[in-house]
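Just so it is clear, the model here is predicted, and its values are computed rather than measured.
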Amino acid sequence: MAKTPSFRKNDVTRAIEAVKAGGISISRIEVVGAKIVIVSASADNANDEYQSAELTAWERKHGG
C-alpha cells in the first residue's frame, strides 16, 4: 500500500505563494519524499554559470 505523503497539494501551494511573496523567482520545484524543494531562478542561474566556467576550464586544459 502506498504511503500517504506528510503534506498535501495545499502545502506546496502555500510554499510557492510564500516564496513569490518574498519577491523570489522560482526556477523549479521538487517534491522528494516528505520534503518540498524550491529552487530560485538566481540559484539555478548561478549553478549554470559555475558549470559553464568548469567546462571552459576543462576545455582549455584538454585543448578543446
Side-chain angles (χ1 to χ4, degrees):
M1 180 180 281
K3 184 178 177 181
T4 305
S6 60
F7 56 87
R8 303 186 190 288
K9 180 180 177 182
N10 192 26
D11 297 324
V12 177
T13 302
R14 285 182 188 163
I16 293 168
E17 289 173 355
V19 171
K20 286 183 177 181
I24 299 171
S25 298
I26 297 173
S27 174
R28 69 179 184 275
I29 300 164
E30 301 172 4
V31 177
V32 182
K35 182 167 65 170
I36 302 168
V37 179
I38 299 177
V39 179
S40 70
S42 60
D44 211 25
N45 289 338
N47 188 38
D48 289 345
E49 290 172 13
Y50 174 76
Q51 289 177 347
S52 178
E54 277 190 330
L55 176 60
T56 302
W58 184 90
E59 287 175 334
R60 285 182 185 150
K61 182 177 180 181
H62 293 89

Taking only residues two or more places apart in sequence, or in another chain, which ones meet Glu30 in a salt bridge (Lys or Arg N to Asp or Glu O under 4.0 Å)?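 Checked Glu30 against salt bridge (Lys or Arg N to Asp or Glu O under 4.0 Å); matches are Arg28.
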
Partners of Ile24 by side-chain contact (heavy atoms from CB on, under 4.5 Å), sequence neighbours excluded?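 Scan of Ile24 (side-chain contact (heavy atoms from CB on, under 4.5 Å), adjacent residues dropped) gives Val19, Ser40.
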
Report the distance from atom CD1 of Ile38 to atom CD1 of Ile16, rounding to the nearest 0.5 Å.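 If we round to the nearest 0.5 Å, Ile38:CD1 and Ile16:CD1 are 5.5 Å apart.
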
